[in-house]
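Report on one structure; see the data block that follows.
Being a predicted model, the structure only gives us computed values, none of them experimental.
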Amino acid sequence: MVTVSKDGTWKLWNTNVEYKKQQDPYLLKTVPCQSSEGSRVALSPDGRVVAISDGCNVAMYNAAAGQLEEELHGVHGVPLTDLRFDINGRFLVSSGDKAIRVFHNAPGYRAAIRDMQDMLKKAQNQAMKQRLQQQITEAQNALDTVLAAPLDSN
């Protein structure tokens with residue numbers, strides 16, 4: 001779970017606890033960010049990306065490292081009213097000024113590629129190495145396609 005605070009930070013929490021054993025969620029990470037009254041926050045379904053709105057802008061962070069990866073400026077003409085990832089984590093959707101905007105989750109692609117590269121380094125057999133290399137290539141091609149797509153002028 002992720003929260004955004006008025007103190008200019010976002011916090012990543014581990015909520016995978018056993019409440020029957022009286023365990024409480026605990027803080028994993030606190031990261032400075034730009035936030036304001038009414039900021040919205042979203043965590044991708046795979047937990048790799050945090051998106052935070054600040055007025056009309058959106059910042060996307062690598063959740064594991066806490067690093068800012070993307071900034072989207074002037075997403076709407078008014079402060080965002082909602083911010084969410086789709087169920088597969090491929091897209092980030094924002095709403096505001098009676099419109100919705102859909103963005104590719106490029107930081108999510110990058111995080112998935114990094115995770116697969118780490119798995120490739122640890123792979124024990126050739127079949128697994130080949131499969132991971134193929135998945136890395138496919139994910140990189142998908143990211144390259146996303147990044148090369150022309151911007152919509154609307």
With a 3.5 Å distance limit and no angle check, can you tell me whether [X] reaches the backbone of [Y] through a side-chain donor-acceptor pair?
{"X": "Lys129", "Y": "Leu120", "answer": "no"}
{"X": "Asn88", "Y": "Arg90", "answer": "no"}
{"X": "Asn62", "Y": "Ala65", "answer": "yes"}
{"X": "Glu69", "Y": "Gln67", "answer": "no"}
{"X": "Thr81", "Y": "Ser95", "answer": "yes"}
{"X": "Arg101", "Y": "Val75", "answer": "yes"}

Should we count CD of Gln34 as having more than 12 external heavy atoms under 6.0 Å?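 Counting other residues, nucleotides and ligands, CD of Gln34 stays at 12 neighbours or fewer.
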Within 6.0 Å of CZ in Arg110, more than 12 heavy atoms from elsewhere: yes
[Y] versus [X], side-chain donor and acceptor atoms under 3.5 Å:
{"X": "Asp54", "Y": "Ser36", "value": "yes"}
{"X": "Ser53", "Y": "Ser39", "value": "no"}
{"X": "Gln134", "Y": "Glu138", "value": "yes"}

May I have the step-by-step check of side-chain hydrogen bond (donor to acceptor under 3.5 Å, both in side chains) for Thr9 and Thr30, ending in yes or no? CA-CA 6 Å; Thr9 62; Thr30 300; 5.8 Å; no
Hydrophobic cluster (4.5 angstrom, side-chain heavy atoms) - remaining members for Val4: Val2, Trp10, Leu12, Val17, Tyr19, Tyr26, Leu28, Val31, Val41, Leu43, Val50, Ile52, Tyr61, Leu68
With sequence neighbours excluded, what pairs up with Glu71 under the salt bridge (Lys or Arg N to Asp or Glu O under 4.0 Å) test?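 Expected list: none.
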Apply ring-ring contact (aromatic ring centres under 6.0 Å, His included) to His104 and list each qualifying residue two or more places apart in sequence or on a separate chain.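 Counting only residues at least two positions away or on another chain, His104 forms a ring-ring contact (aromatic ring centres under 6.0 Å, His included) with Phe91.
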